[in-house]
Amino acid sequence: MPAPRTTTSARKFLGRLSLPERNFVADALRTETVGGVLLLAAAVVALIWANVPALHSSYEAVRDFHIGPGSLGLDLSIEHWAADGLLAVFFFVAGIELKRELVAGDLRDPKAALLPVVAALCGMAVPALVYTVTNVIGGGSLVGWAVPTATDIAFALAVLAVIGTSLPSALRAFLLTLAVVDDLFAILIIAVFFTSDINFVALAGAVVGLVVFWLLIRKGIRGWYVYVPLALVIWGLMYNSGIHATIAGVAMGLMLRCTRREGESRSPGESIEHLVRPLSAGLAVPLFALFSAGVAVSGSALGEVFTQPETLGIVLGLVVGKALGIFGGTWLTARFTRASLSEDLSWPDVFAVATLAGIGFTVSLLIGELAFEGTPELTDKAKASVLVGSLIAAMLATVLLKVRNAKYRALYEAEERDEDLDGIPDIYEQDNPAYHLRMAEIYERKAAEHRRLAEVAGGASEGDDGPA
């Protein structure tokens, strides 16, 4: 009788990250978490600024103030500069992240990449379907189908910073990878579905600029004074071409080299990302939120979010569609690729993270502005529905994650334990003989100290003639 087949070859989903990947994720999440807190603060300031009667007019005056060279087609409002200009920095970082994942991270293995990519795609398709069905039934406009498809990684991580400080790195990395893939497809949606009239001369100029950018990188030319002016020219041409200017950011990010050569501690892409990420998370995204999240909030306005088909579709898409899409795509992919879930986690953990992905703030607000352009009242209502949907998703994820918080804390402490104080978590050194020798010396010193203390205590008790 033939020997039974083993399943040891099955891949582990949400298993322990490699040490380099863990360190990269920890560094990225640290910056994004700080940026997420600033993002939340900016959103709160915007809501207060726009809803306090004495301040409302000043908010609109600043938001709608125009600045820029009109001769270059760049006489834009502050709100417009934030959406088209500052978010190009955000998508530039997203492009670098995606490139690094594809060539040096977990996505370089097609089998490992399949699961988060399918999960992200399902996490965009199902919300769009939920929105469409809601508006077909309710007789609403279908133009906002893309609004609930995006995940805001900074906002989600800011929530995690408050409610999930002990979340294992594998779950955090899964959320980060989902958001990176999500950003790429969001850019494709913007480029394909929200581009109308194209200025082919300006587009050709932007393409030439991108080619020059790529050649300079290939030649190893260094210096911010070369690339920053060139990037601004590319951005300006892309904006005037009619294609959303953030496409220029992600295109330049994808061109950077993200593989390390001999003697390099970081690749050029990683070095630039390390420099630009704080600018993106700490300035660009919060300023965008400040001038995009300032919508009127009142009892009647919030009531309309749940009665109007367009706004209800956005809320349901973020809260229900995101969770079901990501969880369903993950489960089906794992089921048909024989990838088994890590023994330390369970499927409810995946559902909780999928629910957290329903926080769709930055890119959802951007797509909402593009989808409902020309109808300011509906644009504001769409923004309000994004805020409400994101808040509900955050609250639901809080409940689900808190249920398993004790388990997460134990896993997190095991990941972070470094008893030999060499800067490498002990869990990554179990196969290193030198680690075990160091630990033996540490335990021997501790045992000797305990013996000494016991002898001192014993001597003290022998000299005590008092009553017991």
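In what follows, every heavy atom counts, from backbone to side chain, and hydrogens, waters and symmetry copies are set aside. Just so you know, residue 1 is the first one in the sequence shown, and it goes up from there. On a predicted model such as this, the values are computed, not experimentally measured, just so you know.
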Under 6.0 Å from the CG atom of L232, do we count more than 12 heavy atoms belonging to anything else shown? yes
- request: Say whether, by atom type as modelled, one donor and one acceptor occur between the side chain of N240 and the main chain of L237 under 3.5 angstrom.
  value: no
For T151 and A357 the tightest heavy-atom approach is OG1-O, 2.9 Å
Can you confirm if the aromatic rings of F291 and W81 lie within a centre distance of less than 6.0 Å?
no
Applied to residues 36-45, the side-chain hydrogen bond (donor to acceptor under 3.5 Å, both in side chains) test, sequence neighbours excluded, yields none
Paired with T355, the side chain to side chain contact (heavy atoms under 4.5 Å, CB included) test is passed by just one of V319, L400, L324, L401, namely L400
Item checked: 4.5 Å side-chain heavy-atom contact, E270 and S267 -> yes
- prompt: Are F361 and V285 side-chain neighbours, meaning at least one heavy-atom pair lies under 4.5 Å?
  reply: no
Residues pairing under ring-ring contact (aromatic ring centres under 6.0 Å, His included) where one sits in residues 236-263, two or more places apart or in two chains, turn out to be H80-Y239, W235-Y239
Residue pairs meeting salt bridge (Lys or Arg N to Asp or Glu O under 4.0 Å), one or both in residues 113-122, sequence neighbours left out, come to none
Donor-acceptor pairs under 3.5 angstrom involving side-chain atoms of residues 385-392: please list them, not counting sequence neighbours.
| residue | atom | partner | partner atom | Å |
| --- | --- | --- | --- | --- |
| S385 | OG | K381 | O | 3.4 |
| S385 | OG | A382 | O | 2.6 |
| S390 | OG | G360 | N | 3.2 |
| S390 | OG | V386 | O | 2.8 |

Contacts satisfying ring-ring contact (aromatic ring centres under 6.0 Å, His included) that involve residues 206-227 (not counting sequence neighbours) are F213-Y227
When rounded to the nearest 0.5 Å, the distance separating OG of S271 from CD of E273 is 10.0 Å
Rounded to the nearest 0.5 angstrom, the CD-CG distance for E310 and N135 is 5.0 Å
Rounded to the nearest 0.5 Å, the CH2 atom of W331 sits from the OG1 atom of T333 at a distance of 10.5 Å
So do I326 and F351 actually touch side chain to side chain, heavy atoms under 4.5 Å?
no
Check whether any side-chain heavy atom of F92 lies under 4.5 Å from a side-chain heavy atom of L256, and answer yes or no.
yes
Derivation of the side-chain contact (heavy atoms from CB on, under 4.5 Å) call for W145 and I189: CA-CA 11 Å; W145 63 270; I189 287 174; 4.1 Å; yes
Practice item. Take D152 and T362, measure what side chain to side chain donor-acceptor pair (under 3.5 Å) needs, and give me the verdict at the end. Key: CA-CA 6 Å; D152 192 307; T362 305; 2.3 Å; yes
- Query: Any side-chain heavy-atom pair from V226 and L230 closer than 4.5 angstrom?
  - Reply: no
Sorted by chain and number, sequence neighbours left out, salt bridge (charged side-chain N to carboxylate O under 4.0 Å, His left out) with R222 holds for none
Worksheet entry | Any F174 side-chain heavy atom under 4.5 Å of L115 side chain | yes
Hits for side chain to side chain donor-acceptor pair (under 3.5 Å) against S364, two or more places apart or cross-chain, chain-then-number order -> none
Here the pair of heavy atoms bringing G313 nearest to P148 is O-CG, 4.5 Å
Closest heavy-atom pair, T379 versus F372, reported as atoms and distance to 0.1 Å, is OG1-O, 2.9 Å
Between I96 and I272, does a side-chain contact (heavy atoms from CB on, under 4.5 Å) hold up when you go through it step by step?
CA-CA 9 Å; I96 300 175; I272 294 172; 4.2 Å; yes
For T134, the side chain to side chain donor-acceptor pair (under 3.5 Å) test, sequence neighbours excluded, returns none
On a heavy-atom basis, the closest approach of A289 and A46 is O-CB, 3.9 Å
Residue set satisfying salt bridge (charged side-chain N to carboxylate O under 4.0 Å, His left out) with E264, at least two apart, ordered chain then number -> R257
Between the CG atom in L254 and the CG atom in L210, the distance rounded to the nearest 0.5 Å is 10.5 Å
The side chain to side chain donor-acceptor pair (under 3.5 Å) partners of K99 (sequence neighbours excluded) come to none
Any luck finding a side-chain donor-acceptor pair between S77 and D64 under 3.5 Å?
-> no
- Message: Applying side-chain contact (heavy atoms from CB on, under 4.5 Å) to F193 and L370, what does each step give before you reach the verdict?
- Response: CA-CA 10 Å; F193 295 100; L370 297 173; over 6 Å; no
Using a strict 4.0 Å threshold on nitrogen-to-oxygen distance, state whether K383 and E79 make a salt bridge.
-> yes
Residues pairing under salt bridge (Lys or Arg N to Asp or Glu O under 4.0 Å) where one sits in residues 118-132, two or more places apart or in two chains, turn out to be none
### Heavy-atom side-chain proximity of Y131 to I314 below 4.5 angstrom
yes
Sorted by chain and number, sequence neighbours left out, salt bridge (charged side-chain N to carboxylate O under 4.0 Å, His left out) with D182 holds for K322
**Message:** I'd like to check I67 versus L76 (side-chain heavy atoms, cut-off strictly below 4.5 Å). Are they in contact?
**Reply:** no
Rounded to the nearest 0.5 angstrom, the CZ-CZ distance for R100 and R266 is 11.5 Å
What one should report as the nearest heavy-atom pair of P127 and G317 is CB-O, 3.4 Å
For V305 and L312: C-alpha separation, side-chain torsions, deciding distance, then whether side-chain contact (heavy atoms from CB on, under 4.5 Å) applies.
CA-CA 6 Å; V305 166; L312 179 61; over 6 Å; no
Between T246 and A88 the two heavy atoms that sit nearest each other are CG2-N, 3.7 Å
Between the CD1 atom in I247 and the CD1 atom in I234, the distance rounded to the nearest 0.5 Å is 14.0 Å
